[in-house]
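To start, the structure under review is shown below, and the notes come after it.
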Amino acid sequence: MVLYFLSLVLFVMGLYCLVAKKNIVKKIIGITIIEYSINLFLILIGYRRGGVAPILMKDMSVAELVERGVDPLPQALVLTSIVIGLGVLALMVGVCLRLYEKYKTFDMSEINRLRG
Amino acid sequence: MDLFLLILLVFMIIGSVIAIETKNLLSSVISVGVVGFSLSIMFLMLGAPDIAITQMVVEILILVILIRATITTDNTAIERHADTFSVISSLIFFGLFLIFAFLAVHELRPFGEPLMRVSKTYLATSAEKTGATNVVTGILLDFRAYDTIGEATVLFTSVVGAFVILRRRGRKHKRESDTEKVGILEDADIKKDFKGF
């Protein structure tokens with residue numbers, strides 16, 4: 001319970017950084033922290049106490065793996081999510097650098113002439 | 001075990017507080033690196049070695065990209081504070097969010113006892129159906145391979161978008177060729193023509 005709640009606290013801190021900060025790089029950092037917290041929350045939900053990694057070892061039967069292995073489904077989905085997060089971050093940093101070239105600042109309130 | 005996870009999570013929260021509140025952007029990026037690497041250790045503790053490895057590699061790439069964004073620019077620190085109204089209102093709403101999250105977390109299954117209705121089938125049949133001893137690989141590349149195709153599409157789109165945004169050569173070239181070869185009329189020429197009529 002406490003672990004779930006603390007990962008949601010991490011989510012809220014990333015959201016605060018995304019909403020209240022003026023710097024664009026800070027906003028990107030907030031999105032990164034949100035991604036981390038959501039991935040951690042999904043993996044925490046799939047954890048089984050005393051579980052082993054969902055890999056079939058040589059000295060282990062299938063029944064034992066079913067009995068002891070942690071949930072592999074959130075792991076597969078989080079693996080997808082992490083890689084997509086990297087691509088989206090690269091796109092965001094590209095937009096951010098282009099904005100800096102045009103306006104010479106990272107300040108969000110200075111960049112108000114968004115008419116193309 | 002639980003205590004170790006708790007300590008790591010509190011460490012991550014402290015690191016993200018530093019990342020959010022510090023003025024210098026470079027130290028903020030480094031603090032995000034702290035959060036990501038401790039997240040990788042947590043994945044390793046939670047029985048997910050594949051994700052731990054992926055998170056490690058992706059974290060290094062994120063650090064490289066973010067440092068590229070911050071280190072070439074001159075004035076990385078912004079002196080102006082955010083206006084107090086937005087800060088206070090966002091703090092109030094996020095406090096409300098945390099209260100509701102606290103209520104909602106109690107409705108979940110307790111930590112350490114997941115409800116594995118689908119996953120038990122995956123665990124039992126992965127070795128004989130797909131031939132993969134690593135069940136996560138079996139799910140990614142066989143049971144839910146369409147999901148992976150979608151991931152590759154999203155990744156391709158974002159990489160193409162980043163290239164289009166960041167490329168420098170195409171646009172200037174096109175503008176010169178437009179005015180010289182095709183011969184678009186300037187505003188003054190158009191006005192002169194209309195005066196002639």
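Chain naming here is simple, since letters A, B, ... match the order of the sequence lines and numbering starts at 1 in each.
- Annotation: maximal heavy-atom pairing with chain A below 4.5 Å, among B:Thr137, B:Val159, B:Leu98, occurs at B:Leu98.
- Between the CE atom in B:Met42 and the CG atom in A:Leu3 there is a gap of 6.0 Å [rounded to 0.5 Å].
- Atoms CD and OH, on B:Glu21 and A:Tyr16 in that order, are 5.0 Å from each other to the nearest 0.5 Å.
- Between B:Val29 and A:Ile29, some side-chain heavy-atom pair lies under the 4.5 Å cut-off.
- Under a hydrophobic-cluster definition in which Ile, Leu, Val, Met, Phe, Trp and Tyr are linked whenever side-chain heavy atoms come within less than 4.5 Å, directly or via other members, B:Leu155 and A:Leu89 are assigned to different clusters.
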>> Determine whether B:Phe102 and A:Leu8 satisfy the following criterion, side chain to side chain contact (heavy atoms under 4.5 Å, CB included), listing intermediate values before the conclusion.
In response: CA-CA 9 Å; B:Phe102 185 73; A:Leu8 285 177; over 6 Å; no
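- Note on B:Ile7: it does not cluster hydrophobically with B:Phe43, by side-chain heavy-atom contacts below 4.5 Å among ILVMFWY residues.
- Remark: side-chain polar atoms of A:Arg49 are paired, donor with acceptor, to backbone N or O of B:Phe111 under 3.5 angstrom.
- Between the NZ atom in B:Lys120 and the CD atom in A:Glu67 there is a gap of 6.5 Å [rounded to 0.5 Å].
- Note: A:Val83 leads A:Ile45, A:Val83, A:Val62 in heavy-atom pairs under 4.5 Å with chain B.
- Counting heavy-atom pairs closer than 4.5 Å to chain B, the top residue among A:Val52, A:Val2, A:Val19, A:Val25 is A:Val25.
- B:Leu25 is listed as a side-chain neighbour of A:Lys26, based on a closest heavy-atom distance under 4.5 Å.
- Put simply, the side chain of B:Ile51 does not reach to within 4.5 Å of the side chain of A:Asn39, judged on heavy atoms.
- B:Ile53 and B:Val35 fall into different hydrophobic clusters, where Ile, Leu, Val, Met, Phe, Trp and Tyr are joined by side-chain heavy atoms under 4.5 Å apart, directly or via other members.
- The contact between B:Leu6 and chain A is made by backbone and side chain atoms together, counting heavy-atom distances below 4.5 Å.
- With contacts defined as side-chain heavy-atom distances shorter than 4.5 Å, the pair B:Met116/A:Val66 does not qualify.
- Most heavy-atom pairs under 4.5 Å with chain A: of the set B:Phe97, B:Phe93, B:Phe156, this distinction falls to B:Phe97.
- With a 4.5 angstrom heavy-atom cutoff, B:Leu108 touches chain A via backbone and side-chain atoms both.
- In the hydrophobic clustering of this structure, B:Leu5 does not group with B:Val34; members are Ile, Leu, Val, Met, Phe, Trp, Tyr whose side-chain heavy atoms approach within less than 4.5 Å, directly or through other members.
- For chain B, the nearby parts of A:Val12 are the backbone and the side chain; heavy atoms of each come within less than 4.5 Å.
- Across all non-hydrogen atoms, the minimal contact from A:Leu73 to B:Ser119 is CB-OG, 3.8 Å.
- The structure places NZ of A:Lys22 at 6.5 Å from OG of B:Ser86, a figure rounded to the nearest 0.5 Å.
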>> With side chain to side chain contact (heavy atoms under 4.5 Å, CB included) as the criterion, how do A:Gln75 and B:Ile139 come out once you've worked through the C-alpha distance, each side chain's angles and the decisive distance to 0.1 Å?
In response: CA-CA 9 Å; A:Gln75 295 192 14; B:Ile139 291 175; over 6 Å; no
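- Within the 4.5 Å cutoff, the side chain of A:Met13 has no heavy atoms near those of the B:Phe94 side chain.
- In plain terms, the two heavy atoms of B:Ile62 and A:Tyr36 that are nearest each other are CD1-OH, 4.0 Å.
- Among the candidates B:Ala132, B:Ala124, B:Ser89, B:Ala101, the residue making the largest number of heavy-atom pairs closer than 4.5 Å to chain A is B:Ala124.
- Surrounding CZ of B:Arg117 are at most 12 heavy atoms belonging to other residues, nucleotides or ligands under 6.0 Å away.
- Here the OG-CG distance, from B:Ser158 to A:Leu86, works out to 8.0 Å after rounding to the nearest 0.5 Å.
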Scan the side chains in residues 11-18 of chain B for donor-acceptor partners under 3.5 Å anywhere in the protein, sequence neighbours excluded, and list what turns up.
residue, atom, partner, partner atom, Å
B:Ser16, OG, B:Met12, O, 3.4
B:Ser16, OG, B:Ile13, O, 2.9

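- Of the two parts of A:Val95, the backbone and the side chain both hold a non-hydrogen atom closer than 4.5 Å to a non-hydrogen atom of chain B.
- Counting heavy-atom pairs under 4.5 Å between each of B:Leu115, B:Val10, B:Val136 and chain A puts B:Val136 at the top.
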> Passes side chain to side chain contact (heavy atoms under 4.5 Å, CB included), B:Val135 versus A:Leu56? Steps please.
Replying inline: CA-CA 8 Å; B:Val135 184; A:Leu56 191 60; 5.9 Å; no
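- Among the candidates B:Pro49, B:Gly36, B:Ala127, the residue making the largest number of heavy-atom pairs closer than 4.5 Å to chain A is B:Gly36.
- Side-chain contact between A:Pro72 and B:Leu123: present, with at least one pair of heavy atoms (C-beta onward) separated by less than 4.5 Å.
- When side chains are defined from C-beta on, A:Thr80 does not count as touching B:Val154, because their heavy atoms never get closer than 4.5 Å.
- Summarising the geometry, atom CG belonging to B:Leu39 is positioned 11.5 Å from atom CD1 belonging to A:Ile33; distances are rounded to the nearest 0.5 Å.
- The candidate with the highest count of non-hydrogen atom pairs below 4.5 Å against chain A, out of B:Leu61, B:Asp50, B:Ile65, B:Leu46, is B:Leu46.
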Just list the side-chain donor-acceptor pairs under 3.5 Å for residues 143-152 of chain B, sequence neighbours left out, or say none.
residue, atom, partner, partner atom, Å
B:Arg144, NE, B:Tyr122, OH, 3.3
B:Arg144, NH2, B:Tyr122, OH, 3.4
B:Thr148, OG1, B:Leu140, O, 2.7

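- Contacts with chain B were tallied for A:Leu44, A:Thr32, A:Leu77, A:Ile28; A:Leu44 has the most, counting heavy-atom pairs under 4.5 Å.
- The greatest number of non-hydrogen atom pairs below 4.5 Å with chain B, out of A:Pro54, A:Gly50, A:Gly87, A:Ala63, is found for A:Pro54.
- A:Leu79 and B:Met45 fall within the same hydrophobic cluster, where Ile, Leu, Val, Met, Phe, Trp and Tyr residues are linked whenever their side-chain heavy atoms come under 4.5 Å apart, directly or through other members.
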